[in-house]
Amino acid sequence: MAKFLTDREENYAQWYNDLVIKADLAENSAVRGCMVIKPYGYAIWEKIQAGLDKMFKDTGHVNAYFPLFIPKSFLSREAAHVEGFAKECAVVTHYRLKTDESGKGIVVDPTAKLEEELIIRPTSETIIWNSYKNWIQSYRDLPILINQWANVVRWEMRTRLFLRTAEFLWQEGHTAHATSQEAVEETERMINVYADFAKEHMALPVIKGYKTENERFAGAVDTYTIEALMQDGKALQAGTSHFLGQNFAKAFDVQFTDRTGKLEYVWATSWGVSTRMVGALIMAHSDNNGLVLPPRIAPLQAVIVPIFKTDEQLQLISEKAREIMTGLQNAGISVKYDDRDNLKPGFKFADYELKGVPVRIAIGPRDIENGTVELARRDTLQKETVPAQGLPERLKDLFIEIQASIYNKALNFRDDNTYKTDDWKEFTDIIENRGGFVLAHWDGTTETEEKIKEETKATIRCIPFDSTEEDGLCIYSGKPSKRRVVFARSY
RNA sequence: CGGGGUGUAGCGCAGCCCGGUUAGCGCAUCUGGUUUGGGACCAGAGGGUCGCAGGUUCGAAUCCUGCCACCCCGACCA
């Protein structure tokens with residue numbers, strides 16, 4: 001198990017790849033662009049799922065499941081929507097295989113052609129709204145607040161583990177409302193849920209804002225986003241929430257009778273986050289020793305490593321370790337006792353650091369004598385010897401401290417890498433040489449946005465919700481602008 | 001889809017130019033022993049359709065043709 005990472009400073013992309021592989025999170029599969037999420041990586045995703053799912057339920061949503069396949073005709077009902085996804089759809093054309101004429105191998109049976117091809121969902125608006133049509137007659141049927149956990153496929157040309165894969169896991173919320181205002185409120189509520197989750201669970205500071213028309217979801221009236229900054233200075237869109245207006249209601253003819261007896265089209269939202277979150281987590285916090293996981297997301301929050309020379313010592317230590325482990329488990333802490341006797345403690349230390357386990361507890365003969373244990377924090381790599389007594393409480397406090405510390409570190413990094421400029425030269429210099437978020441004026445046109453993208457590869461990540469009105473001149477065109485927007489190169 | 005690279009044991013690679021013993025090394029695995037407060041050591045053992053398919057040749061991991069897969073860099077994207 002040679003597992004030394006490429007240094008982050010030397011080659012960030014390689015460091016990321018090494019980390020994903022060596023921390024045993026995921027690997028490439030036999031299918032181009034698709035990954036195998038390994039148990040440890042999946043455990044992180046499950047923590048993300050659990051945290052978000054609770055927040056969805058707490059805000060009145062329920063889970064359901066819709067088909068993987070979408071009739072081709074559905075996708076084309078909404079013009080902008082199909083336009084946005086057409087280029088990356090996998091299509092099912094046949095439903096049967098048969099043995100090859102030559103007797104070897106297997107081929108598609110040409111007589112088993114589907115009358116209407118099926119699209120593997122790149123997102124589920126169309127299939128869901130086709131159902132909602134049947135579910136909604138009256139304002140009394142509204143709102144519908146449904147989420148689904150699912151896989152989707154977008155046939156990407158270039159993929160990277162967790163950040164962009166042809167198939168990925170996500171959740172997609174799809175809600176239906178009687179009024180525009182209610183739908184807009186839902187859209188805002190969910191982007192706030194995402195931002196809170198990112199902050200509280202993932203220790204990831206994000207900027208909430210509007211997408212420009214150019215970056216908007218295909219078929220949306222408005223797209224809200226949370227944007228996070230990675231350690232290499234590139235932005236990552238970590239979640240989006242869309243106000244869909246009546247676009248899908250009209251496309252699928254979903255009308256309802258309102259209180260006054262008038263027939264109206266339903267208002268819609270959709271919102272999602274994906275396994276990309278795992279990539280965000282890795283790139284935001286980890287270091288050259290491996291993953292750094294915030295305690296609230298870590299599948300394993302603490303690990304106990306025994307240090308011993310003789311079997312008698314191991315027995316004594318194991319007894320104590322199990323007692324400690326039970327105490328921690330009773331306090332709701334996820335902990336493992338690693339008593340493998342074929343590996344040296346040093347190896348285990350390095351391994352759990354690679355895996356990002358927030359706290360390591362080492363117990364040796366000295367500790368047994370003194371009634372102590374050695375605690376090591378993954379985030380700061382600091383070690384201290386503490387009394388074995390009252391460990392559950394100590395750890396709970398420590399987790400809170402670590403969680404906050406990781407968040408603050410990320411926040412400071414973002415602040416240190418957020419620039420404000422009104423000078424084009426400086427703008428290009430920052431984008432090219434330093435990275436990070438650049439707050440600059442923009443004239444509001446897609447044309448300018450595209451030009452800037454062409455020349456610098458920077459895109460408008462969002463127009464922050466909390467941006468203040470400020471008269472200025474567009475960084476590129478010099479035309480008047482009312483507010484600054486966030487530029488960055490992005491994943 | 002364009003450019004570059006790689007495919008040899010579970011993983012990482014050497015061998016290929018210049019064809020010729022039984023295809024080799026490190027890590028991992030297994031066995032035995034000694035070790036264990038920051039990535040242990042010794043001894044032994046097992047493990048291979050050399051990416052696939054053709055061709056050249058007395059003989060191919062090595063040369064030729066075709067195909068496939070994956071990785072990296074660009075055009076598109078959560």
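In the text below, chain A, chain B and the rest are named by the order of the sequence lines, each starting its count at 1. The figures that follow rest on heavy atoms only: side chains count, while hydrogens, waters and symmetry mates do not. Predicted model only: the values in this text are computed from it and were never measured.
Using cut-offs of 30° and 60° for the angle between ring planes, the A/F252 and A/F74 rings count as perpendicular. Using the six-membered ring where Trp is involved, A/Y132 and A/W129 have ring planes that are perpendicular, over 60° apart on the 30 and 60° scheme.
For A/D351, the side-chain atoms get nearest to B/G39 when compared with the rest of B/C71, B/G37, B/G39. Comparing B/A78, B/A40, B/C70 against the side chain of A/N28 picks out B/C70 as the nearest. Side-chain proximity of A/P345 to B/G38, B/A40, B/U36: nearest is B/U36. In this structure, the nucleotide among B/G37, B/A78, B/G38 sitting nearest to the side chain of A/F349 is B/G38. Closest to the side chain of A/K87, from the set B/C76, B/A78, B/G38, is B/C76.
Base pairing of B/G7: its partner is B/C68, meeting the Watson-Crick or G-U wobble criterion (both donor-acceptor distances under 3.5 Å). Look at B/U31: its Watson-Crick or wobble partner, with both distances under 3.5 angstrom, is B/A43. Here B/C13 sits opposite B/G24 as a Watson-Crick or G-U wobble pair (both hydrogen-bonding atom distances under 3.5 Å). Taking a pair to require two hydrogen-bonding distances under 3.5 Å in either a Watson-Crick or a G-U wobble arrangement, B/A78 remains unpaired. Nucleotide B/G19 forms no Watson-Crick or G-U wobble pair with any nucleotide shown, as no partner meets the under 3.5 Å limit on both distances.
Atom name P, nucleotides B/C50 and B/C63: the rounded distance is 16 Å, in whole Å. Atom name P, nucleotides B/G15 and B/G20: the rounded distance is 14 Å, in whole Å. A distance of about 15 Å separates the P atoms of B/U8 and B/A53, rounded to the whole Å. As rounded to the nearest Å, B/G3 and B/G44 have C1' atoms that lie 50 Å from one another. Comparing B/G10 with B/C1, their P atoms sit 31 Å apart, to the nearest whole Å. Atom name P, nucleotides B/A14 and B/G26: the rounded distance is 15 Å, in whole Å. Atom C1' of B/G59 sits at a distance of 16 Å from the matching atom of B/U22, rounded to the whole Å. Distance check on atom C1': B/C72 versus B/A28 gives 27 Å, rounded to whole Å.
For A/K234 and B/A78, the NZ to P distance is 15 Å, given to the nearest whole Å. Distance, A/N342 CG to B/G32 C1': 15 Å, rounded to whole Å. Rounded to an integer number of Å, the gap from CG of A/L343 to C1' of B/C27 is 14 Å. A/E83 has its CD atom 13 Å from the C1' atom of B/C76, to the nearest Å. Look at CD on A/E156: it is 15 Å from P on B/C70, rounded to the nearest Å. The separation between A/R160 atom CZ and B/C71 atom P is 12 Å, rounded to whole Å. The OH-C1' distance, from A/Y12 to B/C72, rounds to 18 Å in whole Å. Atom CH2 in A/W45 sits roughly 11 Å away from atom C1' in B/A78 (whole-Å rounding).
A/R322 has a carboxylate O that lies under 4.0 Å from a charged side-chain N of A/D339, or vice versa, which qualifies the two as a salt bridge. Using a cut-off of 4.0 Å between Lys/Arg side-chain N and Asp/Glu carboxylate O, A/R360 and A/E353 are scored as salt-bridged. Between A/R394 and A/E401, none of the side-chain N atoms (NZ, or NE/NH1/NH2) sits under 4.0 Å from a carboxylate O, so this pair counts as no salt bridge.
Within the 4.0 angstrom heavy-atom criterion, no nucleotide atom of any strand lies near A/Q14. Among the protein residues, A/S490 comes within range of no part of the nucleic acid, since none of its heavy atoms lies under 4.0 Å from any strand. At a threshold of 4.0 angstrom between heavy atoms, the contacts of A/L236 with the nucleic acid are absent.
For B/C72, one of the phosphate oxygens OP1 or OP2 lies less than 4.0 angstrom from a side-chain nitrogen or oxygen of A/N17. Taking 4.0 angstrom as the limit, A/K344 places a side-chain polar atom (N or O) nearer than this to OP1 or OP2 of B/G37. Contact check, A/R158 against B/G74: a side-chain N or O comes under 4.0 Å of OP1 or OP2.
The stretch residues 290-311 of chain A touches RNA chain B through A/I307, A/F308, A/K309, each having a heavy atom within less than 4.0 Å of the strand.
Listed by first then second residue, pairs satisfying salt bridge (Lys or Arg N to Asp or Glu O under 4.0 Å) with a partner in residues 273-293 of chain A read A/D287-A/R378, not counting sequence neighbours.
Under the 3.5 Å distance criterion, with hydrogens and angles disregarded, no donor-acceptor pair is assigned to the side chains of A/D232 and A/Y16. For the residue pair A/E9/A/N288, the side-chain donor-acceptor check at 3.5 Å is satisfied. Looking only at atom types and distance, the side chain of A/N214 has no donor-acceptor partner in the side chain of A/T446 under 3.5 Å away.
Between A/G84 and A/A376, it is A/A376 whose nearest contact on RNA chain B lies nearer the 5' terminus. Looking at which nucleotide of RNA chain B each of A/F168 and A/G33 is closest to, the 5′-most match is held by A/G33.
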>> Go through it in stages, so that I can follow the logic: the residues are A/H61 and A/W271, the test is ring-ring contact (aromatic ring centres under 6.0 Å, His included), and I'd like the CA-CA distance, side-chain angles, deciding distance and then a yes or no.
In response: CA-CA 12 Å; A/H61 302 85; A/W271 27 273; 4.9 Å; yes

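For A/E353 against B/G39, a side-chain-to-base donor-acceptor contact under 3.5 Å is absent. Donor-acceptor pairing under 3.5 Å, judged by distance alone, is present between the side chain of A/K383 and the base of B/G38.
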